[in-house]
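These notes concern the structure reproduced below.
One-based numbering along the sequence shown.
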Amino acid sequence: SILEDVAVPGDPEMIEEVASRLDSGRGEVREAAILALPKLADRGNPTIVAAVLRRLDSGFAHTRVAASRALAQIVDPNDHNAAEALAAKLAHDESTVRAAAVGAFSMALDSGTALPAIRPQLQHSRSEVRRSAVAALGSFNTCTKEVVEAVARCLLDPAGDVRSTAISLLPRLFAACGSEGRSCALAFAEQALEHADEGVQESGALVLQRFEDAGGDAPQTNPLDGDRLEPTDMQTNGVCSA
């Protein structure tokens, strides 16, 4: 776009001029302004990051997509404030905004920075928010033990759509994470088999079956050995905690 072509990095007047077009009534102008900002401002500039984050709430799909793309270029991957702001959007009433936030997480932030911000949303009272939080965790290209365990814990969620999202993500996470993460995640699947809810039982059985079909072996030692714990106990006592 013309705005991107004429962008001069660090020029405060140019930044102000471009920022003034973020709320233009013309979609192509708004989107060009959003995409020009990363070429003008330093990565991590809090004012610009906040301005782009606000555009994830836009009622226009192209504007939300432009904001997600810009965040990947303007956010410091270790910016905890940006992670908290994105995590708040996982609880937005509009599903399109939640989806934009899910996509922005993996493009803009390191998974280790994102996890502490996302974790509270896994306990949200609304299942659609918990589902978005699981999807955000599963969107990262790199996988840590903590991420796979957080997703696996959602096999115990009372909502079927949350469990289904976790089930769909775990095969890829199993392939990406180390044996310690897989072992603890499979322990949650085994815990699900003993749950009172039949839907939870089915979720655990499906994950174990998929793991076996992929040529994996069930863990020989269970990190949850000892007294069987309820899901709330696992969260507070730190057993296989993320």
Side-chain angles (χ1 to χ4, degrees), residues 1-92 94-121 132-144 146-147 150 169 172-173 176:
S1 72
I2 295 176
L3 279 177
E4 291 180 90
D5 292 340
V6 302
V8 179
D11 184 338
E13 292 184 1
M14 179 65 76
I15 292 174
E16 184 177 355
E17 173 65 23
V18 171
S20 71
R21 304 187 186 191
L22 291 173
D23 294 318
S24 170
R26 295 171 56 195
E28 65 271 21
V29 174
R30 288 195 308 271
E31 291 139 30
I34 291 169
L35 294 172
L37 284 174
K39 298 180 180 295
L40 290 166
D42 293 332
R43 182 180 286 273
N45 181 307
T47 301
I48 300 303
V49 169
V52 176
L53 277 167
R54 285 195 294 274
R55 272 64 201 180
L56 284 180
D57 292 358
S58 172
F60 300 97
H62 290 299
T63 301
R64 294 193 299 270
V65 171
S68 293
R69 288 175 55 195
L71 285 171
Q73 302 172 58
I74 198 66
V75 171
D76 182 327
N78 298 308
D79 186 339
H80 292 277
N81 290 330
E84 292 288 348
L86 265 181
K89 294 186 185 301
L90 294 175
H92 199 281
E94 294 292 332
S95 61
T96 52
V97 175
R98 296 196 299 271
V102 168
F105 261 110
S106 61
M107 288 193 290
L109 290 161
D110 177 78
S111 61
T113 301
L115 180 58
I118 295 173
R119 186 186 291 116
Q121 303 293 36
S132 294
V134 177
L137 286 176
S139 67
F140 290 96
N141 291 325
T142 57
C143 175
T144 65
E146 290 77 16
V147 168
L169 294 170
R172 185 178 68 80
L173 296 179

Who passes side-chain contact (heavy atoms from CB on, under 4.5 Å) against S95, sequence neighbours left out? R98
Nearest-0.5 Å distance that lies between atom CD in E31 and atom CZ in R69: 9.5 Å
Could you pull out the closest heavy-atom pair between A114 and F105, with the gap in Å? CB-CD2, 3.7 Å
Nearest 0.5 angstrom please: L115 CG to D110 CG, how far? 10.5 Å
Non-hydrogen side-chain atoms of L56 and L71 separated by less than 4.5 Å: yes
Contact summary for V134 and L169, nearest pair of heavy atoms: O-CD1, 3.4 Å
Hits for side-chain contact (heavy atoms from CB on, under 4.5 Å) against A51, two or more places apart or cross-chain, chain-then-number order -> L22, R54, R55
Kindly write out the residues that satisfy side-chain contact (heavy atoms from CB on, under 4.5 Å) with S24, not counting sequence neighbours, or none if the list is empty. R26, V29, R30
Do I74 and L37 touch side chain to side chain, with heavy atoms closer than 4.5 Å? no
Heavy atoms of A72 and M107 approach each other most closely as CB-O, 3.4 Å
Mind checking salt bridge (Lys or Arg N to Asp or Glu O under 4.0 Å) for E16 and listing every partner two or more places apart, or none if nothing turns up? none
List for me each residue that meets side-chain hydrogen bond (donor to acceptor under 3.5 Å, both in side chains) alongside T113, sequence neighbours excluded, and say none if there are none. N78
Exercise: identify the closest heavy-atom pair between I48 and A41: CG1-CB, 3.6 Å
Would you check if S132 and Q121 make a side-chain contact, meaning some heavy-atom pair closer than 4.5 Å? no
Applying side chain to side chain donor-acceptor pair (under 3.5 Å) as the test, list every pair that has at least one member in residues 79-89; sequence neighbours left out. D57-K89
Would you indicate whether the side-chain heavy atoms of V49 and D76 approach each other to under 4.5 Å? no
Closest heavy-atom pair and its distance - G112, P116: O-CD, 3.2 Å
So which atom in L90 and which in A101 form the shortest heavy-atom distance, rounded to 0.1 Å? CD2-CB, 3.9 Å
Tell me, please, which residues at least two apart from A85 pass side-chain contact (heavy atoms from CB on, under 4.5 Å). L53
